[in-house]
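First up is the structure itself, then whatever we jot down about it.
The shown structure was predicted, so the numbers you read here are calculated from the model rather than taken from an experiment.
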2 protein chains.
Amino acid sequence: MSLLDYFRTSKTSSASLDKERLQILVAHERTSRNQPSYLPQLQKELLEVIRKYVSIDQDAISVNFEQDDNQETLELNIVLPDTNKKS
Amino acid sequence: MSLLDYFRTSKTSSASLDKERLQILVAHERTSRNQPSYLPQLQKELLEVIRKYVSIDQDAISVNFEQDDNQETLELNIVLPDTNKKS
């Protein structure tokens, strides 16, 4: 199963199409833990880029960051306002 | 199952820890298709941001973009060089 399949199957099961949503995932598969993670800093810059395209309320963002031995994952879930396109 | 679980389970099954990888997924769940997608343009800017943190070969990036009625998904898979941290 590809990740695209995962998105498709998980979304259609819930009646959640009354709001627009943007979901961003970053997974860093690492071979060593010697270097500090750059994902928290990357997260800020990703949000800055996305704000060029859509307006985002700060409280409409939920962030999840996890680390284990071999992988770090950053998950951003953003609920978009109804009028989401900046002109 | 959360998306973070998906990342965990899918990676541990393959002996793929000899290379560092960065995977980025953007899913835009839409209520209307009247607006053009901004994901292809967003993709370029995301890569520019990521290049601030790691060096990326252009041919080490694979991109997948899919659209259906209610959702667009952008998937970037990047194999990182062994020395991936810019000083």
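- Heavy atoms of A/Ile50 lying under 4.5 Å from chain B belong to its backbone as well as its side chain.
- In this structure, no portion of A/Glu72 lies under 4.5 Å from any heavy atom of chain B.
- Put simply, the side chain of A/Glu20 gets close to the backbone of B/Thr31: a donor and an acceptor are under 3.5 Å apart.
- By the rule that hydrophobic residues join a cluster once side-chain heavy atoms approach within less than 4.5 Å of another member, A/Val63 and A/Leu22 end up as members of one cluster.
- Remark: A/Glu75 CD to B/Leu25 CG distance equals 10.5 Å, nearest 0.5 Å.
- Shown here for B/His28 and A/Leu80, the closest heavy-atom pair between the two residues is NE2-CD1, 3.6 Å.
- When each of A/Val26, A/Ile24, A/Leu46 is tested with B/Val26 by the rule side-chain contact (heavy atoms from CB on, under 4.5 Å), just one qualifies, namely A/Ile24.
- Under the rule for a side-chain hydrogen bond (donor to acceptor under 3.5 Å, both in side chains), A/Glu48 has no partner lying at least two apart in sequence or in another chain.
- Using a 4.5 Å cut-off between side-chain heavy atoms of Ile, Leu, Val, Met, Phe, Trp and Tyr, with links allowed through other members, A/Ile61 and A/Leu39 fall into the same hydrophobic cluster.
- With sequence neighbours left out, A/Asp57 forms a side-chain contact (heavy atoms from CB on, under 4.5 Å) with A/Asp59, A/Ala60.
- Hydrophobic clustering, with ILVMFWY side chains joined whenever heavy atoms are under 4.5 angstrom apart, groups A/Tyr53 together with B/Leu47.
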